[in-house]
Amino acid sequence: MTVRRAAILGTGSSLPAGVLTNAQLEKLGDTNDAWIGERTGGGERRVAAPGEPSSLFATEAAKRALEAAGISAKDIDLVIVATTTPDSILPATANLVIKNLGAERAAGFDVLAACSGFVYAAVIAEQFIATGAAKNALVIGVELLTKFTDYTDRTTCILFGDGAGAAILGAREDGSGILASA
């Protein structure tokens with residue numbers, strides 16, 4: 001009996017041009033580079049400009065994932081976007097990505113699950129593929145959390161940045177792919 005699994009075929013990412021450094025955060029609140037470094041290990045985070053929506057970065061990450069996978073947007077059956085910062089409540093950010101890519105055969109929806117959103121979206125896509133409901137799925141995690149960050153709260157403002165990551169999951173019947181999820 002052949003088992004159908006989902007395998008990661010390609011990945012891509014997209015970051016805004018804007019940068020917020022630890023030195024800049026020092027000027028915004030009660031924090032310093034050493035304190036931030038001890039907690040995050042990072043020296044900067046990316047920040048989207050006003051008017052740059054989540055779908056912009058999601059689409060760019062998706063294009064890079066498609067290129068890495070060597071497939072066309074027309075080959076995508078399903079798009080799932082994990083985000084707590086959608087462009088709007090309706091339509092779903094996934095539907096905007098579908099339109100931007102020209103993935104006219106794809107179904108799409110958003111998943112709102114915060115930090116674990118991409119993992120949930122990937123598991124859902126894997127299940128669509130394993131059951132035969134989809135052959136190729138695009139999973140995207142995108143957040144523009146700096147738009148909602150309280151820069152006077154040093155316990156959280158050091159954590160959040162903006163950007164997107166995408167993965168193409170495709171059907172495999174050769175035993176390779178995702179073996180389990182928990």
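Only a predicted model underlies this, so the values are computations on that prediction, with no experimental measurement involved.
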(request) May I ask you to decide if Ile168's main-chain N or O and Asn136's side chain share a donor-acceptor pair within less than 3.5 Å? (result) no
(message) For a quick test of reading the model, state the closest non-hydrogen atom pair linking Ala65 to Gly12 and the distance between them.
(response) CB-N, 3.6 Å
(request) Take Lys135 and Ile129 through the side-chain contact (heavy atoms from CB on, under 4.5 Å) test and state the conclusion after the steps. (result) CA-CA 6 Å; Lys135 181 179 178 190; Ile129 291 168; over 6 Å; no
(message) Name the residue from Leu144, Leu15, Ile140 that meets the side chain to side chain contact (heavy atoms under 4.5 Å, CB included) definition with Phe57.
(response) Leu144
(message) Grouping I, L, V, M, F, W and Y whenever their side-chain heavy atoms are under 4.5 Å apart, do Ile178 and Val123 come out in a common cluster?
(response) no
(message) So does Lys74 get a backbone contact from the side chain of Arg105, meaning a donor-acceptor N/O pair under 3.5 Å?
(response) yes
(message) Taking Val119's backbone N and O only, do any of them form a donor-acceptor pair with Ser116's side chain (distance below 3.5 Å, no angle check)?
(response) no
(message) With a 3.5 Å distance limit and no angle check, can you tell me whether Arg45 reaches the backbone of Leu20 through a side-chain donor-acceptor pair?
(response) yes
(message) For Ile71 and Ile76: C-alpha separation, side-chain torsions, deciding distance, then whether side-chain contact (heavy atoms from CB on, under 4.5 Å) applies.
(response) CA-CA 8 Å; Ile71 66 171; Ile76 298 295; 3.9 Å; yes
(message) Atom CD of residue position Glu67 - does it have more than 12 heavy atoms of other residues, nucleotides or ligands inside 6.0 Å?
(response) no
(request) Find out whether Val19 and Thr21 are in side-chain contact, i.e. whether some heavy atom of one side chain is under 4.5 Å from a heavy atom of the other. (result) yes
(request) Find out if a path of hydrophobic residues (ILVMFWY) with successive side-chain heavy-atom gaps under 4.5 Å connects Val81 to Leu138. (result) yes
(request) Using the test side chain to side chain contact (heavy atoms under 4.5 Å, CB included), find all partners of Leu56 that sit at least two apart in sequence or belong to another chain. (result) Glu52, Pro53
(message) Does Lys147, at its NZ atom, have more than 12 non-hydrogen atoms belonging to other residues, nucleotides or ligands within less than 6.0 Å?
(response) yes
(message) Under a 3.5 Å cutoff, is there a donor and acceptor pairing between the side chains of Glu26 and Thr31?
(response) no
(message) Taking the side chain as everything from C-beta on, heavy atoms only, tell me whether Thr152 gets closer than 4.5 Å to Leu28.
(response) no
(request) Report the C-alpha separation of Leu9 and Arg172 in whole Å, then their side-chain angles, then the decisive distance to 0.1 Å, and conclude whether the side-chain contact (heavy atoms from CB on, under 4.5 Å) test is met. (result) CA-CA 10 Å; Leu9 307 181; Arg172 292 291 175 262; 3.0 Å; yes
(request) Verify, without hydrogens or angle tests, whether Arg4 (side chain) and Thr131 (backbone) share a donor-acceptor contact under 3.5 angstrom. (result) no
(request) Say whether Phe128 and Val111 are linked into one hydrophobic cluster, either directly or through other cluster members, by side-chain heavy-atom distances under 4.5 angstrom. (result) yes
(message) Can a side-chain donor-acceptor contact be found between Thr85 and Glu143 if the only test is distance below 3.5 angstrom?
(response) yes
(request) Find out whether Pro91 and Leu96 are in side-chain contact, i.e. whether some heavy atom of one side chain is under 4.5 Å from a heavy atom of the other. (result) yes
(request) Group every Ile, Leu, Val, Met, Phe, Trp and Tyr by side-chain heavy-atom contacts under 4.5 Å, then state whether Val79 and Ile124 land in the same group. (result) no
(message) Looking only at side-chain N and O atoms, does Asp75 offer a donor or acceptor that is under 3.5 Å from a partner on Ser72?
(response) no
(message) I'd like to know if the side chain of Asp77 reaches the main chain of Ala137, judged simply by a donor and an acceptor atom lying under 3.5 Å from each other, with no hydrogens or angles considered.
(response) no
(request) Report the C-alpha separation of Leu159 and Leu145 in whole Å, then their side-chain angles, then the decisive distance to 0.1 Å, and conclude whether the side-chain contact (heavy atoms from CB on, under 4.5 Å) test is met. (result) CA-CA 10 Å; Leu159 300 174; Leu145 290 170; over 6 Å; no
(request) Using a cut-off of 6.0 Å, state whether more than 12 heavy atoms not belonging to Leu179 lie near its atom CG. (result) yes
(message) If the condition is salt bridge (charged side-chain N to carboxylate O under 4.0 Å, His left out), which residues does Glu60 pass it with, not counting sequence neighbours?
(response) Arg64
(message) Looking at Asp110 and Thr93, would you say the former's side chain and the latter's main chain have a donor-acceptor pair under 3.5 Å?
(response) yes
(request) Would you confirm whether Thr83, through its side chain, and Val142, through its main-chain N or O, come within 3.5 Å as a donor-acceptor pair? (result) yes
(request) Could you tell me whether Tyr151 atom OH has more than 12 heavy atoms of other residues or ligands within 6.0 Å of it? (result) yes
(message) Please check this pair: side chain of Asp33 against backbone of Asn22, looking for a donor-acceptor N/O pair closer than 3.5 Å.
(response) no
(message) Could you check whether any side-chain N or O of Glu38 sits under 3.5 Å from a backbone N or O of Trp35, counting only pairs where one atom can act as donor and the other as acceptor?
(response) no
